[in-house]
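These numbers were taken from a predicted model, which means no experiment stands behind them.
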Amino acid sequence: MNSRRFFLKVSLLSGGGMLIGGHEALAQGPRRAQAPLDPNAFVKIAPDGMVTLTGKNPEMGQGIKTALPMILAEELDIDWKLVRVVQGDLDEVKFGSQSAGGSRSTPNNWDLLRQVGATARLMLVQAGATSLGVPVEECSTEMGRVLHKASGKSVSYGEIASKAAALPMPKPDQVKPKDAKDYKIIGKSMPTIDLPAMVTGKPIYSIDFKLPGMLFAVYEKCPVYGGKAVSANLDEIKKMPRVTHAFIVEGNGDVSSLASGVAIVAEKWWYANEARKKLKVVWEEGPTVSHTSVGYDAKAKELFAAKPAFAIRKDGDVEAAIAGGVKKVDAKYQYPFISHAQMEPGNCAARFVDGKLEVWAPSQTPGRGQQMAASALGLKPADITVHQLRTGGGFGRRLANDYMIEAAWIAKQIPGTPIKLLWTREDDMRHDFYRPGGYQHMRGAVDASGKIVGWHDHFVSFGEGEKFVSSSNISPGDFPANFVSNFGVEATLIPTKVPTGPLRAPRSNSLAWVIHSFIDELAHAAGKDPVQFRLDLLGDQPVVGKGMEAYDAGRMKACLQLVAEKSGWGKRKLAKGTGMGVGFHYSHSGYFAQVAEVSVDAQKRVKVHKVWAVGDVGSEIIHPSSAKNQVEGAIIDGMSELMAQEITIDRGRTVQTNFHQHQMVRMKQAPPEIEVHFIKSKNSPTGLGEPPLPPVLPAIANAIFAASGIRVRTLPMAKEGFKWA
Amino acid sequence: MAIAMTLNGKPVSVEVPANMPLLWVLRDELEMCGTKFGCGAGQCGACTVHQDGVPIRSCLTPVSSVAGKKITTIEGLSPEGAHALQKAWMEMDVPQCGYCQAGQLMTAAALLAKNSNPTDAEIENALDGNLCRCGTYTRIKKAVHLAARLMQTSNASGANNNE
Ligand code: FES
Ligand code: FES
């Protein structure tokens, strides 16, 4: 193992059997390290041999409820058929961090779960050897049994689980997780947990969760972000059929916690929503009402003409280098705010009894939600129980917990009665934490040999002074920092009150498009092949940059070379109007390079014929089918962002209300083929939810240029007259 | 007002306002939550059910308009997952979040019931109104083809008994 330390605990299951759980000793977490460990955490081995594993992290379609238990099952050496996976409630003392975001679930749990599984197996082997009356060294395990090959004797885990639980815990250095070559479960596409329930319509989602006597709520927020409800026709609303309660919520001034609004509660959700059609609210809209997208665009144009406000990074003499270049490129890019538009609208159930709150939530950060609910409602976190429910997509939307706080607040007004809040699609789209838009004025130059000699980015984004709003920043180390010696990034910020937040591959989902489109412009200016130009840029050093900025150019080069080979880059003759484009990006510990083959006709109709993706996310692909699914989905998601998704602001409010105004790719627009390859490098496995998305935007945009000569510099492309063929 | 229909082969009657959408009758009056709410506006297909074998958007269908009709939901496709499409969906590991999949399956089931061997283009046309935010389209298409093969080569049920 590495230097990470773990606290494990084993104990006897009441009624016989073994329990084992553990968490990582976090350097910054003395509270956790000292907490008494409740061993219900991960693994229960019952006397009948059934093994119950706890899926501790929120499941939103990324497959973690299957992948993490697979790691445990592998180390335990058990039969997947005898495994039951249950979703753990929020309890970060037991489980360690339970958030899902930043593609961190796999890397954060890989070592810990292997240690837990291997420890349990070692103890079972010891108990098995004693029970068989044979030496420990001669025993092995297979499919949930301890075997003594020499005598042919064996015993099942279930039979010896209680004995194993009574043994002293082995020292960490005695425990040897398996060698990858012996894996039987990791790397195999085990049946996805919940799959049978999904295809038969079982009520497994957050929106499906109900309790006896439950009432249902809608919540109307001020259309202007941060506005306040002053008064409403509540008496009229309360007389509407089946409506039980209606009240104004003052809010706490923080839209990420409790925005002001009006709650209507009814016996069934539809009645509450019907009553809402008659709702008349007097709002105090506040200062944000003056904000518009048109105003932001005009401001950006003005700022581009002025000197940047502050420097993010300055290497060498950028201006001299660009002035001295042989070929120069000057290009302005812009991209919009976009919404998460996850398929299941925001919802949450809550019940407040005797000063204690219980919530059933579809959150990616249940722990943070618990803290926020505590402060919004004036409770102690310990008085709040959070149950995690499967959710219909996250994409970063459920990193926020506004639905949880709203539901909790409503429940507190109706003590003893469980309530369920459900947003309409319109609520969901108009009150999101949007991927922030941005503007980048790029300037660069190449020398006579075709090498980039100067790079400058005037990054106009959103924030106050030098403080970016959530997910709108650029970092000093963002590629190609450290690869170009005269390199400057400077920024200016436009103040905004539009709520922003992380969307799948935050920052990268816009930056990769700008950076790799601009690199493509430079490659064409230099008269170089776009793949070769990028290989030259990556250079021959294995790792470039230090510390946080370390960029493994070797891993990226390997991805780029393989994707060029698989796609037949430069080797195939393409029809007129067809072109290939390339892009790569490193994010969330994953390296991805992609090539797209695209045709564009005279009416700017675009068909993506095929996308090739090569990724390096470490030594193991835990569940290959789900991994490939994530990559395919990320590519289609990126296509939606490229073509048609845009949130515009008018009078301080969101204009778009439903899917028809914020379109996702449909089946006939999706590429007929997506070819995915993984390079298994000698690195610990990392996550896959995010890194495959960013490169597809520039790959397709660059292919459009190759096919049509039109350079896409504004997103969504539909604004420039493009549409899907 | 009392409205009677045949739901997944069984007669049911509900006492609700005539304009309540079938989606909310299913989810909140009859406690059948397999049919999903995505947009409430006919934009996404998550709420697709069959009316006399034809896929409809239950979020836009007033319950009064299905009085006397045969309605089939995902729960009625095959509760055991024996329908060829359900088998194919599991075999191909189609879903990610899975939220759109009941609607996808119902639309695909209506297609296969009248066209036992659809082409790619026919599948794409039939499923054009079913959005998948997770982007599982490539697999859905493959799974529909697989289901068509299963229906021809084995006795996996493709029709459902309730229609
Ligand atoms: S919920 Fe009916 S079409 Fe979207
Ligand atoms: S699987 Fe998530 S929306 Fe289709």
Side-chain angles (χ1 to χ4, degrees), chain A residues 59-63 189 191-192 194-205 207-208 210 216 241 268-270 273-274 341-345 390-395 422 424-426 625-626 629-630 632-637 639-640 658-660 664-668 670-674, chain B residues 16-17 19-21 24-25 27-29 31-41 43-44 46 73-75 77-81 83 85-87 89-90 92-102 105 120-121 123-125 127-141:
Chain A
E59 173 65 60
M60 50 192 178
Q62 82 281 40
S189 299
T192 300
D194 291 341
L195 189 48
M198 281 188 241
V199 300
T200 52
K202 299 286 180 302
I204 54 174
Y205 295 90
I207 194 174
D208 304 331
K210 288 185 194 161
F216 297 82
K268 297 283 160 66
W269 185 81
W270 182 78
N273 203 45
E274 279 294 288
Q342 76 296 336
M343 209 67 166
E344 179 181 355
R390 186 182 178 97
T391 82
F395 306 103
L422 170 62
T424 59
R425 172 58 52 193
E426 289 79 8
S625 164
S626 142
N629 212 345
Q630 285 296 319
E632 292 166 354
I635 285 169
I636 289 168
D637 196 356
M639 286 174 63
S640 301
N658 210 317
F659 293 135
H660 64 294
M664 52 186 104
V665 160
R666 291 167 188 273
M667 185 184 281
K668 63 170 63 132
E673 239 185 303
I674 296 174
Chain B
V16 293
N19 63 337
M20 185 185 271
W24 297 108
V25 173
R27 290 189 57 87
D28 285 350
E29 301 291 332
E31 301 302 338
M32 294 176 73
C33 289
T35 305
K36 291 291 183 270
F37 170 55
C39 67
Q43 299 290 335
C44 73
T73 67
I74 184 73
E75 289 91 347
L77 198 57
S78 161
E80 306 79 38
H83 190 286
L85 280 163
Q86 291 166 318
K87 289 186 168 169
W89 246 242
M90 290 192 272
M92 303 296 306
D93 196 21
V94 171
Q96 285 182 34
C97 81
Y99 196 77
C100 71
Q101 302 293 346
L105 282 159
D120 273 350
I123 296 172
E124 287 168 3
N125 282 332
L127 285 157
D128 194 47
N130 286 86
L131 299 177
C132 176
R133 173 66 179 89
C134 301
T136 62
Y137 297 124
T138 327
R139 286 177 187 218
I140 292 174
K141 215 189 303 179

For [X] and [Y], which heavy atoms make the closest approach, and how far apart are they?
X     : Y      : result
B:D93 : A:S625 : OD2-OG, 2.6 Å
B:C44 : A:M343 : CB-CE, 3.8 Å
B:Q96 : A:N629 : NE2-O, 2.7 Å
B:P79 : A:K202 : O-NZ, 3.6 Å

Give the member of [options] that has the highest number of heavy-atom pairs under 4.5 Å with chain A.
options                     : value
B:K36, B:R139, B:R27, B:Q43 : B:R139
B:E31, B:M92, B:M90         : B:M90
B:A46, B:P21, B:C33         : B:C33
B:L127, B:N125, B:I74       : B:I74

Within the structure provided, determine whether [X] and [Y] are in side-chain contact (heavy-atom separation under 4.5 Å).
X      : Y      : result
A:V199 : B:Q101 : no
B:E75  : A:T200 : no
A:W270 : B:V16  : no
B:W24  : A:N273 : no
A:P672 : B:E124 : no

Any donor-acceptor pair under 3.5 Å linking the side chain of [X] with the backbone of [Y]?
X      : Y      : result
A:Y205 : B:C97  : yes
A:N658 : B:C39  : yes
B:Y137 : A:I636 : no

- Relative to chain A, which segment of B:L105 carries a heavy atom at a distance below 4.5 Å: side chain, backbone, both, or neither? side chain
- Going through the distances and angles, do B:V94 and A:M198 end up as a side-chain contact (heavy atoms from CB on, under 4.5 Å)? CA-CA 10 Å; B:V94 171; A:M198 281 188 241; over 6 Å; no
- chain B interface, residue from A:R425, A:Q342, A:E673 that has the most non-hydrogen pairs under 4.5 Å: A:R425
- Among A:K268, A:Q630, A:E344, A:E632, who wins on heavy-atom pairs under 4.5 Å with chain B? A:E344
- Message: With rounding to the nearest 0.5 angstrom, report the CH2 to CG distance, B:W89 to A:L195.
- Response: 11.5 Å
- Roughly how far, to the nearest 0.5 Å, is CG of A:L422 from CZ of B:F37? 5.5 Å
- Item | Residue part contacting chain B, namely of A:T391, when any heavy atom lies under 4.5 Å | backbone
- Taking it one step at a time, do A:D637 and B:R133 satisfy side-chain contact (heavy atoms from CB on, under 4.5 Å)? CA-CA 7 Å; A:D637 196 356; B:R133 173 66 179 89; 3.0 Å; yes
- Message: Between the side chains of B:D120 and A:K668, is the shortest nitrogen-to-carboxylate-oxygen separation below 4.0 Å, so that they form an ion pair?
- Response: no
